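For reference, positions follow the sequence shown, starting with 1. The structure presented is a predicted model; accordingly, all values stated were derived computationally and were not measured.
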Amino acid sequence: MSAFMRQRRSAGFTLVELLITVAILSMLAGGAMTFADLAVKRSQEQELRSALRQVREAIDAYKTAADANRIRKAADESGYPPTLAALTEGVPELGSATGRKLYFLRRLPRDPMADPALPAEATWGLRSYESDPANPQAGRDVFDVYSLSPRLSLGGRPYREW
C-alpha cells in the first residue's frame with residue numbers, strides 16, 4: 001500500500017505548491033503591468049516634448065517673419081501670433097501680388113497629457129508676451145505654450161513647467 005500512496009502523490013500538486021505558483025505568477029504579472037505603465041508614460045512624455053518643440057518653433061518662426069516685415073504687424077503689437085490657429089491657417093505675406101499666405105504649422109499638435117476629447121488648441125495653456133513667466137496668462141498674443149496637466153513627470157517635475 002505504501003507503493004500505491006507514493007505513486008499517487010507524485011501524480012499531482014499539493015495545495016501549497018499551487019498557492020505558491022499562483023502567488024509568484026501574480027507578482028510577475030504585477031511587475032509587468034508596472035513596466036507597461038512606465039513605458040506608456042515615457043512615450044507620452046516624448047510626445048509632449050516633440051509637440052512643445054514644434055509649437056514653439058512655429059511661434060518663433062512667426063515672430064521672425066513679423067520682425068522681417070514679411071507679415072503685417074501693428075506698431076503696438078509684439079509680433080507674436082494672436083492665436084495658435086494663426087500658425088495653421090496662415091497669414092498673408094506682405095508684398096505678395098497673389099495674396100500668398102505663410103503657414104507655420106501643417107496641423108497643431110495636441111498635448112498628449114490632455115483629455116483626448118478636447119480639440120488640439122484647447123489642450124494648451126497660453127502665455128502672452130506681457131505675462132509673468134512664473135504666472136503665465138493668456139493675452140493679446142501667444143508668446144509660449146505649456147501643458148495644462150497637473151501631473152508630475154517621471155523626473156518629478158510638473159508638466160506645466162516644461
Side-chain angles (χ1 to χ4, degrees), residues 23-162:
I24 290 172
L25 287 175
S26 64
M27 285 182 3
L28 290 174
M33 292 293 286
T34 302
F35 286 126
D37 292 342
L38 183 66
V40 167
K41 190 167 183 175
R42 186 168 284 135
S43 173
Q44 285 180 326
E45 286 186 2
Q46 288 174 344
E47 288 178 44
L48 177 60
R49 278 189 193 95
S50 175
L52 283 169
R53 186 177 311 111
Q54 288 175 18
V55 175
R56 287 173 174 161
E57 285 176 358
I59 290 170
D60 291 343
Y62 187 103
K63 171 70 169 151
T64 301
D67 289 346
N69 292 323
R70 293 188 65 202
I71 58 177
R72 187 168 23 130
K73 174 180 99 168
D76 65 336
E77 291 179 343
S78 65
Y80 289 99
T83 64
L84 287 177
L87 301 173
T88 57
E89 293 170 359
V91 290
E93 183 177 19
L94 289 178
S96 173
T98 61
R100 182 177 154 215
K101 287 186 169 184
L102 293 177
Y103 297 92
F104 301 95
L105 282 174
R106 289 188 178 121
R107 68 173 180 77
L108 183 66
R110 56 180 300 105
D111 180 353
M113 304 300 176
D115 180 5
L118 293 173
E121 193 166 348
T123 62
W124 297 108
L126 305 178
R127 175 181 168 216
S128 73
Y129 182 72
E130 298 166 347
S131 76
D132 182 35
N135 185 22
Q137 300 292 321
R140 296 185 329 154
D141 57 17
V142 180
F143 175 70
D144 195 15
V145 293
Y146 59 91
S147 177
L148 294 173
S149 175
R151 298 185 305 176
L152 297 176
S153 69
L154 291 173
R157 192 169 149 213
Y159 291 123
R160 292 178 60 96
E161 294 178 4
W162 282 25

note = So NZ of K101 and CD of E93: to nearest 0.5 Å the spacing works out to 12.5 Å
note = Tested for side chain to side chain contact (heavy atoms under 4.5 Å, CB included) against R151, the lone hit among K41, Q44, R160 is Q44
query = L152 versus P158: any side-chain heavy-atom pair under 4.5 Å?
reply = yes
key: CG on L52 to OG on S147, rounded to 0.5 Å   = 7.5 Å
query = For atom OH of Y129, is the number of surrounding heavy atoms from other residues, nucleotides or ligands below 6.0 Å larger than 12?
reply = no
task = Output, in order, the C-alpha distance, side-chain angles, deciding distance and verdict of side chain to side chain contact (heavy atoms under 4.5 Å, CB included) for W124 and L118.
result = CA-CA 10 Å; W124 297 108; L118 293 173; over 6 Å; no
query = Can we say D67 and K63 salt-bridge, meaning some charged N sits less than 4.0 Å from an Asp/Glu carboxylate O?
reply = yes
note = Which of R49, R42, E47 passes side chain to side chain contact (heavy atoms under 4.5 Å, CB included) with E45? Answer is R49
inquiry  = For R127, run the side chain to side chain contact (heavy atoms under 4.5 Å, CB included) check against D144, V142, N135 and tell me which one passes.
reply    = D144
task = Any chance you could measure Y80, atom OH, to D60, atom CG, to the nearest 0.5 Å?
result = 6.5 Å
remark   = Nearest heavy-atom contact between L148 and A122 is CD1-O, 3.9 Å
Which atom of R110 lies closest to which atom of A114, heavy atoms considered = NH2-O, 4.5 Å
key: CD on E121 to OG1 on T88, rounded to 0.5 Å   = 7.5 Å
task = Looking only at non-hydrogen atoms, find the nearest pair between A86 and Y62 and report the distance.
result = CB-CE1, 4.5 Å
remark   = Here the pair of heavy atoms bringing S131 nearest to P136 is OG-CA, 3.9 Å
key: Closest non-hydrogen atom pair between A58 and L105, with its separation   = CB-CG, 3.5 Å
remark   = Minimal heavy-atom distance between S128 and A138, with the atoms involved, is CB-C, 4.1 Å
note = So CG of L87 and CZ of R106: to nearest 0.5 Å the spacing works out to 14.5 Å
message = Quick test of your reading of the model: are K73 and D141 salt-bridged, counting only N-O distances below 4.0 Å?
response = no
ask   = With a 4.5 Å heavy-atom cut-off, do L48 and D111 have their side chains touching?
value = yes
key: Flag if over 12 foreign heavy atoms under 6.0 Å of CZ, R157   = yes
query = Does some side-chain heavy atom of S78 sit less than 4.5 Å from a side-chain heavy atom of F143?
reply = no
query = Between atom CG of L84 and atom CD1 of I59, what is the distance when rounded to the nearest 0.5 Å?
reply = 6.0 Å
